[in-house]
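Atoms within each ligand, like the ligands themselves, are counted from 1 in listed order. Residue numbers count from 1 along this sequence. Hydrogens, waters and symmetry mates play no part in the numbers below; they use all other heavy atoms, side chains included.
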Amino acid sequence: MLGPTVGRLTLCRACGSRCLQQIRSKVLSVDNMNPFVKEMEYAVRGPIVIRAGEIEQELAKGVKKPFNEVIRANIGDCHATGQQPITFLRQVVALCADPVRLMKDPNYPQDAKERAQRILDSCGGKSIGAYSDSSGVRVIRDDIASYISERDGQPASAEDVFLCTGASDGIKSIMKILMTGEGGKNRAGIMIPIPQYPLYTATIAEYNAYPIGYYLDEANNWSLDLDELKRAIDEARPHCQPRAIVVINPGNPTGQVLTKKNIEGVIEFAKKENLFLMADEVYQHNIYAEGSAFHSFKKVLTELGSGYDLELASFMSTSKGYMGECGFRGGYCEFLNLDPGVKAMLLKSISAKLCSSVAGQSAMDVVVNPPRPGEPSYDLFQKEKNTVLNQLHLKATMVTEAFNSMEGLTCNILQGAMYAFPQIFLPPKAIAEAKKQGLTPDAFYCYQLLEQTGICIVPGSGFGQKPGTHHFRTTILPTVDKLKVMLGHFRDFHADFLRKYS
Ligand SMILES: Cc1ncc(COP(=O)(O)O)c(C=O)c1O
C-alpha cells in the first residue's frame with residue numbers, strides 16, 4: 001500500500017502517514033542484486049526487439065508507418081514465423097497428453113499410438129503429468145542412445161544421456177559443473193567462438209566465468225582456425241583457468257559446417273591444452289551446401305581411438321532441425337568419459353531440478369525415433385520433413401544471393417543452421433551519426449531498418465565481431481513469400497541508406 005513520496009518519506013496510502021509497514025524498503029535493489037545477472041546480455045531478445053514489439057502495438061493502434069507489419073527475423077523461432085508442425089510429432093505428444101480419448105480415435109495412426117503407449121508405459125502412473133527420473137524417461141533415453149549409435153555407427157549408452165529443458169538447460173548444467181568456485185584469475189575460462197550464440201556469453205557472465213573468445217575466420221567461410229585457438233588461450237591464461245572449449249556446429253550465427261579435419265584439429269587442440277569439449281550440435285539436421293556434411297564430435301573423437309579419452313558433452317534440441325518445436329523445450333545432452341565422481345555430481349545437480357518437461361521429452365522421442373519405412377506414418381513424415389528442409393535450403397540460397405548482390409554487403413555461403421551473418425561496410429558518415437546517437441554503428445543500421453521497413457534483425461555486436469567490422473544476423477525463417485518481400489524492402493532501404501550517408 002505504498003502512497004505518494006514526500007521528500008524522502010513514502011506515505012501510507014491507507015492512513016496517509018509514515019507508518020511502520022511503509023518505511024520498509026525493498027530487500028533487493030538494482031544496486032545490491034546479484035551483479036552477475038546484471039552483467040548478462042542476450043541480444044536476440046534485446047532493445048531492438050523490444051522496439052519491434054512497441055512498433056507492433058503502434059501499428060495495431062492505427063499509427064501510420066511506411067509498412068504495415070513487423071517482420072521478425074531476429075530469433076530462430078520457426079513456428080513463430082509460420083512453419084507448420086510435423087503431424088506425427090504432434091500426434092504422439094497429443095496421444096501422450098490425452099490417451100483416454102485419443103487412443104480410441106481412428107484418426108490417429110497405429111504407429112503414433114504405439115509410440116505414445118510405449119512412452120506412457122515408461123512414465124510413473126502411465127502419465128506425462130508425472131515427474132520422470134531426473135535424467136528423463138527411460139525409454140526415451142534408450143531411443144536417444146539408439147539414434148546416436150545409428151547416426152554415428154558406434155555404440156552409445158542411455159547411461160550417458162540426460163534430457164533437458166531445451167539444449168540451453170543442458171548447456172548451463174554442464175557449464176555449472178565446469179566452474180572452479182573461485183574468482184579473479186582462478187575463474188574458469190571457457191573458450192567460445194566469436195561470433196557466438198549469446199547464451200554462452202550470458203551464462204559465462206551469470207556464472208562469473210571468463211570468456212575466452214576465439215575468432216572464426218570470416219575470409220574462410222567462418223571456419224575454425226587452429227592458430228587462432230592457440231592465440232586466444234595463450235592471451236587468456238593469465239586471467240583465468242582455461243577449462244573448456246565450446247564449438248557450435250553447424251554455426252549460429254555464422255552458418256558454417258565444420259569439416260571432419262577441422263573437428264580433428266579442435267580435438268587435438270583440446271587434448272594438448274587439457275580442455276573439456278562442449279559440442280553444440282542443435283543444427284545437425286540443417287545442412288544445405290553441396291559437399292557439406294554433419295560430423296558429430298562424438299563420432300570423430302571415438303574414431304581417433306584410445307589415446308583420445310577426452311571429456312565431451314554434446315547437445316541436441318527439438319527446437320531446430322525440421323521440427324522447430326521451440327516451445328516444447330525438449331533437448332538432450334550426451335556426455336562421454338566423465339570421471340565417475342563428476343558424473344554422480346552432475347546427476348545430483350540435475351536431480352535438484354527434478355526433471356525436464358515430460359511433454360518436451362515425448363517430442364524429443366519422435367525426433368530420435370521417427371516413423372520407419374513400412375510404418376503408416378512414414379510417407380507423410382518424410383514428405384513434411386523434406387518440405388521444411390528443402391524450403392530452408394532454398395531460403396539459404398535466396399538470402400546469400402540477395403545480400404551478395406547489394407553494394408557494401410558481403411555474405412558467406414550459408415552451409416547450415418538457420419541464419420546469415422553478413423558484413424556491412426558502413427560509410428564514415430553513418431558511423432559518425434551512430435556515435436552521435438550513442439549507438440554502435442551496426443545497431444544504428446538495424447534501428448534505421450526497423451523504423452523504415454519493419455524488418456527486425458540483430459546487430460552483430462550482440463554476437464561479437466572483430467573490432468572495426470560491422471555485421472547483422474538475420475534468420476532465414478520467414479516463409480518464402482515473406483522472405484522475398486523482406487529482401488526487396490531490405491534492398492531499397494540499403495540503397496537509400498548508402499545514398500544518404502555516402
Ligand atoms: C547454437 C544454439 N544452441 C542452443 C540453442 C538453444 O536451443 P533450445 O531452444 O534447445 O534451448 C540455440 C537456440 O537458438 C542455438 O542457436
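- Using a cutoff of 4.0 Å between basic side-chain nitrogens and carboxylate oxygens, R51 and E451 are scored as salt-bridged.
- Checked by distance only, ligand 1 and L199 stay at 3.5 Å or farther apart across all their nitrogen or oxygen atoms.
- Nearest to atom 7 (O) of ligand 1 by heavy atom, out of S168, G166, G76, is S168.
- Under the side chain to side chain donor-acceptor pair (under 3.5 Å) criterion, N286 pairs with Y288, sequence neighbours left out.
- Here K260 pairs with E303 in a salt bridge; the nearest charged N to carboxylate O distance falls below 4.0 Å.
- Heavy-atom proximity to N252, at under 4.0 Å, picks out these atoms of ligand 1: 1 (C), 15 (C), 16 (O).
- Formation of a donor-acceptor pair under 3.5 Å by the Q154 side chain with backbone atoms of K299 is found in this model.
- Residues D142 and R138 are paired through a salt bridge, judged by an N-O separation under 4.0 Å between the basic side chain and the carboxylate.
- Nearest-heavy-atom check against atom 16 (O) of ligand 1 across Y197, F315, Y283 picks out Y283.
- Side-chain contact annotation: D225 with Y214, donor-acceptor N/O pair under 3.5 Å absent.
- The distance from ligand 1 to the heavy atoms of I248 drops below 4.0 Å at these ligand atoms: 1 (C).
- At under 3.5 Å, not a single nitrogen or oxygen of Y200, backbone or side chain, sits near a nitrogen or oxygen of ligand 1.
- Below 3.5 Å of separation, one finds no N or O of T165 facing any N or O of ligand 1.
- Using a 4.0 Å cut-off between a side-chain N of Lys or Arg and a carboxylate O of Asp or Glu, E311 and K343 do not qualify as a salt bridge.
- The heavy atom nearest to atom 13 (C) of ligand 1, considering only K172, M418, R329, K320, is found in K320.
- Near S319, with a cut-off below 4.0 Å to any heavy atom, the atoms of ligand 1 are 8 (P), 9 (O), 10 (O).
- When each atom of ligand 1 is checked for a heavy atom of S317 under 4.0 Å away, the hits are 8 (P), 10 (O).
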